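Just so you know, these numbers use all the heavy atoms, side chains as well, and skip hydrogens, waters and symmetry mates. Lettering follows sequence order; numbering is per chain, from 1. Predicted, not measured: the structure shown is a model, and the values here were computed from it.
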Amino acid sequence: MSADGAALGARLRERDLGAAPAALNLIESTAPGDREQAAALLRELSPAVLGGEAPAHVIGVTGPPGAGKSTLLSALLHAWRARGRTVAMLAVDPSSRRSGGSLLGDRARIDFDPADSGVLIRSTAAGERLGGLARATRAAAGALAGAFDVVVIETVGVGQAETEVAEVADTVAVVVQPGGGDVLQFLKAGIMEIPDVLVVTKADLGQIALRTRRDLSAALRSLGSSATQVLAVSSLPPASGVDELVDALEAHRAELDVAERRLAARRSAALTDFTIEHGEQGLRAIGGRAAAQATLGAADPGLDLAALVAMLERSMS
Amino acid sequence: MSGDHSPRLPERDRPWMMRTYAGHSTAKASNELYRRNLEKGQTGLSVAFDLPTQTGYDPDDELARGEVGKVGVPISHRGDMAALMHGIPLDEMNTSMTINATAAWLLALYIVAAEEQGVAEEQLQGTTQNDIIKEFLARGTYAFPPAPSMRLIADMIAYTVEHVPKWNPINICSYHLQEAGATPVQEIAYAMSNAIAVLDATRERLGERGREVMEQVFGRISFFVNAGVRFVEEHAKLRAMSILWEELGRERYDVQDARHLRFRYGVQVNSLGLTEAQPENNVQRIVLEALAVTLGRDARARAIQLPAWNEALGLPRPWDQQWSLRIQQVLAYETDILEYPDIFEGSKVMEGLVSELLDGARAEMAVVAEHGGAVEAVSYMKGALVDSHRERIRRIESGEQVVVGQNRFGESEDSPLTADAEGGILVVDPKLEAEQVEAVRSWRAERDQSAVDEALAALAAAARDADGAENLMIPTIAAARAGATTGEWSMTLREVFGSYRAPTGVGDAAAVAPDGELSELRAEVSRLQEKLGRRPKILVGKPGLDGHSNGAEQIAVRARDSGMDVVYEGIRLTPAQIAASALQEGVHVIGLSILSGSHRELIPAVIDALRDAGVTAPVVVGGIIPEQDVAPLREAGVAAVYTPKDFDITRIMRDIVELVGAGAGESSVVVGSAANGSA
């Protein structure tokens, strides 16, 4: 028996955070009955019903393993809660290709008060989809954005992860540890998109952290991107740079045309989902990538992701 | 060789120091136990502290619930330490303390207790375990992040070399690495790498003075090792360690004096191999393991404590511990092992084994060095240990490695040893915890509060000073004298240093290729996934302060290998944390592991918290759970209980999958209409 999606969606819309776990269970489910209910849930939180974009600031945080993401997220969590923001974190972990199972270890490293009902942390496995966000993560982020003030999507990787996360986040922060040469090389070579914010962790390491920060700033300048801020953060006591990072993230969003970015993200995500579902062959059946983009571009901005994918599927026949 | 042709020593060797790892309930009760043990011929003390003391919490802290006086004695302040050592002359006694994160504090209390007896600190003899790296790797009773933990250790070494010269400030532990699954090569390599990290940190901390006293510092470092039942190879391991240690001293630290280059170690033999099934067989195992550390004179232990036969069942009673002491005494006083020079000298087999181990250990030490040393390599070493432990379990499951009475020769008569009402173990009176809570509160009420505040402020200031100008032992001893408590000392430092969670190692464990049984299980998990709509998701965690996470880690890794999504929460969780995680993660089943004996208090508390949060997912429990506690746990709502005799983890997984399958169709999370609302 499936939970009542529309009711859960309505509760989230009313910012009832207690509805979030059950809503996520539904959104993650592939059972046919659940899929229908999940669609109903998401409809309740679509721009059309909300009368605009969901109010949360959706932030993607990504970076290589060991860069210090969990520690950074702990520090951010405390800073946001100190400012009275409710926070949902979606931590995406890779799955084992061998067993299909996964070890979701991150939440153990994020320090939070279990009695604080203004915080939700949910780990999800990336699932069978290669290199990407969990199938349900975008939908989950979209739903939680109707209820929480801040929604964080944490992913692991460099080069691909920030592109995927950009399909849902308003602001993408890439986390680099001192001496982390990959990010610098990937930026210069154009393998990775330029993120909205770059964070150098472990600033307590001193010189090496400063040098990394300087190198990244220089690379950005040479790429002609002055908008991206590079910040150094130390999460160890005495913590430093965390408030500045919170300010920088907020400043990025304040500058942003949220409606436009979300709309572009939804359309791009719809095309990605459609291609995963139907392949290149399916894409040709609807007249190719450009035609699909045109169809999506003409769609009602109030439609949610599922509706956009459905629209593309209708044009297949 | 002594004498010209005599195969004997001119004079029989003195026996090693004999100890029993002991302590429980209260300082007073433990003091009585120590005095009785000394009367029985024990020659040194080995203090077991309870988990709140080891991790820096007072008995009235939320995290201490159910743990006070369980696996050791609670020591909250100098009054407790004085009671623990009452009537024991500290100028004569040699006391070993299994204490790590809070070692500086407990040594300070010991120094103050001696002061009160009129004994000066330079007369004190003994050992503080004080090895934090292995706490991150295997034992889990850490309190502060790595860097400040290393500073505390270096400060203790610097202080004791000068003021408590007969004290061994640190015992580098390979013991717990073996318990966590280390192979002999890993045990040697990681222990030596750990020692290098400590010595380097101390040399740096001592600065200019370092060059002068490094010789003495090196000479004060001792080891705490393990010995398994493969006792020939285990003996070779100890010979290999002495060779590496001497080499390290000469080459890296320029130590000249032969006395300082000697590899000194104490030992507790293997607990991992002790079985719950036919527990009387553990006596043979313990005897053979004791031979590993006594047979060859060139690598003989300085101090030995033997586990009791019933450790896999629960806490040993004084009688059980006496039996283990008597094993040592028979070895030392009845047999002839102390009459000969080294009996393996010239043995080709022994030389071959040693050289094999040396090659392996040197290669593995190089890998750790490439990671930047033991502190930086904690995550790498942890992952490697989880892998080795899994391999060990696989061999036992498949029958490749025989464990008598467990995976072979299981037929048994009923044992008269476990026939009494308690099942042959010690049961700590649960009322004691409330008494200790009262006691620490009245201690706080009766002391000079302003002196304590001042002392703690001075401690905080010394800790905060980025240059670390003051040795932290100085304000620590002052705080002990002023009457501060264990919880206050560590909370003061936690506020400055921050808290820390060690890597779990499970994320780095390699995914195994499935054998027949695991493939079947994966197919079952896939079918269940269809039914549930989501991949079956399990939460694995350890409530309470017990940091022995090997079992929980193996369950987590096997669940992943069975195809489940696993939320591994690690150690030291409150019931509220477990409930919040289970709710937020939408798990289908919850696995809890507990080895400290606090399951009777903690498991029902976790279940209450889960049900209050609206989580209806079933709970399974694993750990050292005495037979008579199983029924009460089931009544409290536990779906299944697993103990050390359930060594087949794949079978446990199959049970869990069935359990989830039986509940499928119902929603595992019930969200009440009384919403939490936004905060």
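- For chain A, the option among B:Val567, B:Thr574, B:Val566 with the highest count of heavy-atom pairs below 4.5 Å is B:Val566.
- Listed by first then second residue, pairs satisfying salt bridge (charged side-chain N to carboxylate O under 4.0 Å, His left out) with a partner in residues 232-241 of chain A number zero, not counting sequence neighbours.
- Neither the backbone nor the side chain of B:Val525 comes within contact range of chain A; no heavy atom of the residue lies under 4.5 Å from a heavy atom of that chain.
- With sequence neighbours left out, the salt bridge (charged side-chain N to carboxylate O under 4.0 Å, His left out) criterion links A:Glu250 to A:Arg83, A:Arg85.
- A salt bridge links B:Arg654 with B:Glu517: the closest approach of a Lys/Arg side-chain nitrogen to an acidic carboxylate oxygen falls below 4.0 angstrom.
- Top candidate by heavy-atom pairs under 4.5 Å with chain B, chosen from A:Leu24, A:Leu120, A:Val119, A:Leu26, is A:Leu120.
- Proximity to chain A (any heavy atom under 4.5 Å) is restricted, for B:Phe497, to the backbone atoms N, CA, C and O.
- In this structure, B:Asp561 pairs ionically with B:Arg390, as a charged nitrogen and a carboxylate oxygen lie closer than 4.0 Å.
- Here B:Ser581 is the residue among B:Ser581, B:Ala576, B:Gly570, B:Ser526 with the most heavy-atom pairs under 4.5 Å with chain A.
- For the atom pair CG (A:Leu77) and CG (A:Asp116), the distance works out to 7.5 Å, reported to the nearest 0.5 Å.
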